[in-house]
> 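Sharing a structure with you now.
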Amino acid sequence: MSGLERHQLMDPVENLEDRMCMKHDKPLELFCKTDQTCVCMLCSVLDHKTHEFVPLEEEYEGKKAELGKTKAEILQMIQKRRLKIQEIKESVNLSKEDANREKAEGVQVFTALKESVERSLNELIETIEEKQRTTEKQAEDFIKELQKEISELMKRSSEVKQLSHSEDHLHLLQNFPSLNAAPPTKDWTEVSVRPPSYEGTVVRAVTPLKETFSKQMKKLFEAELKRVQQYAVDVTLDPDTAHPDLILSDDGKQVSDSDVKKNLPDNPERFSLCPCVLGKESFSSGRFYFEVQVKEKTKWTLGVARESINRKGTMAVKPTNGYWIIWLRNGNEYEALDEPSVCLSLKSQLQKVGVFVDYEEGLVSFYDVDAAALIYSFTGCSFTEKLYPYFSPCINDGGKNSAPLIICPVNQTE
């Protein structure tokens, strides 16, 4: 039987799918092949002879709505990713701008240093060569004078020799006094050519370099401090972490030691041994910066600490235990508690300290805000927890160390 004949035998009324369509008066838009395999527009099932009923209009519309919702969600996902691409591109552009600025500053600084070095080197060489020329001129003058005297002496020697062989007694008597007199020569016993002294020549030549270097470094630190100050955050002290001896101001910006232990609940967050306190704000990404006034104090400790530090007992204050800090002891002994600790040599007493953290870079830097100078940097740090600003005014010491640590608003340097 041909396909056409089979198709003719398939009376629409006798066909199950068509009868179902007619029953519900809703054509399903079935495409029936000659082998009676059907494809439905509403589902993925190929053989509709197993269907018990035809989907209703409401169900169809519901599926359409669902598809519309899915489409909207997909479009939203596409839009979010396009925005993320734009964000990444903008980040790259900003990074490029930063890199170009850093290169320009670096070229400017190193060019100034190079020119200063070349200038000082040329001056040093000229000074040394001038001393050598003076020495050589002196030696040449001495040699000329000696050669002149040698010529005079050789002439006298010749005359004396001739006179000694003369048979003319009268001639001998007449010329003897002049030839026997001391020749017109110089006493060369104490005369010498001393090499010039070069002691201090190189040091004097390098001194201007130190000044130039210091000026350039100051410019660099001023620019660096200005950049990190852009990441200033508002830090306040967390009273729930404060040791019972500490006094916090109402605005949460000052802390000092009272030497008197208050009756406070010993909650897990509170330090029970060391007179210290954390900031309320925690940081687990990005960069942040804050400034603390430390003037009129003889002791203090300042920096950042990770969330899991031991708050109930003693622990060595160092990076492996979750501390990145510097401190002052005995009024003038500054130290960075790295591993090993580093004694800090500062030109003047610190009045205000800036603390900068780059979480992803693993960097903690401390600045002398007034001098716009870098104090110390912890580098290559590995941060895996929340970081909190860490403050310790240290013990009151009978009033000698009563001044508070004060969290200051950050004023952008000019």
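These numbers come from the heavy atoms of this one structure, side chains and all, not from hydrogens, waters or symmetry mates.
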> I'd like to check the side chain to side chain donor-acceptor pair (under 3.5 Å) partners of Arg119; sequence neighbours left out, ordered by chain and number.
none
> Among all residues two or more places apart in sequence or in another chain, which pass the side-chain contact (heavy atoms from CB on, under 4.5 Å) test with Asn332?
Gln349
> Taking side-chain contact (heavy atoms from CB on, under 4.5 Å) as the test, write out the residues that go with Asp98, two or more places apart.
Arg101
> With sequence neighbours left out, what residues match Lys312 under salt bridge (charged side-chain N to carboxylate O under 4.0 Å, His left out)?
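Counting only residues at least two positions away or on another chain, Lys312 forms a salt bridge (charged side-chain N to carboxylate O under 4.0 Å, His left out) with Asp266.
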> Which residues pass the salt bridge (charged side-chain N to carboxylate O under 4.0 Å, His left out) test with Glu105, sequence neighbours left out?
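Result, salt bridge (charged side-chain N to carboxylate O under 4.0 Å, His left out) vs Glu105: Arg227.
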> Between side-chain atoms of residues 82-96 and protein atoms elsewhere (two or more places apart, or another chain), which donor-acceptor pairs fall under 3.5 Å?
residue	atom	partner	partner atom	Å
Lys84	NZ	Glu87	OE1	3.3
Lys84	NZ	Glu87	OE2	3.3
Ser91	OG	Glu87	O	3.0
Asn93	ND2	Lys89	O	3.3

> Please set out all donor-acceptor pairs under 3.5 angstrom arising from side-chain atoms of residues 371-384, sequence neighbours excluded.
residue	atom	partner	partner atom	Å
Tyr376	OH	Asp338	OD2	2.6
Ser377	OG	Ser365	OG	2.6

> If you draw the axis of the six-membered ring of Trp188, does the NZ or CZ of Lys186 fall within 45° of it and under 6.0 Å from the ring centre?
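Geometry flag: set, cation within 6.0 Å and 45°.
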> Please identify each residue that fulfils salt bridge (charged side-chain N to carboxylate O under 4.0 Å, His left out) with Lys144, with sequence neighbours left out.
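Salt bridge (charged side-chain N to carboxylate O under 4.0 Å, His left out) check on Lys144 returns nothing, list empty.
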> Which residues satisfy the salt bridge (charged side-chain N to carboxylate O under 4.0 Å, His left out) test with Asp141, sequence neighbours excluded?
Lys137
> Please list all pairs passing the salt bridge (charged side-chain N to carboxylate O under 4.0 Å, His left out) test where one or both residues lie in residues 209-220, with sequence neighbours left out.
Lys218-Glu222
> How would you list, by chain and number, every residue that makes a side-chain contact (heavy atoms from CB on, under 4.5 Å) with Arg133, sequence neighbours excluded?
Glu126, Glu129, Glu130
> In chain order, what residues pass the side chain to side chain donor-acceptor pair (under 3.5 Å) check against Glu115, with sequence neighbours excluded?
none
> Does the salt bridge (Lys or Arg N to Asp or Glu O under 4.0 Å) test come out yes or no for Lys352 and Asp370, once each step is laid out?
CA-CA 7 Å; Lys352 189 185 293 184; Asp370 297 308; 5.4 Å; no
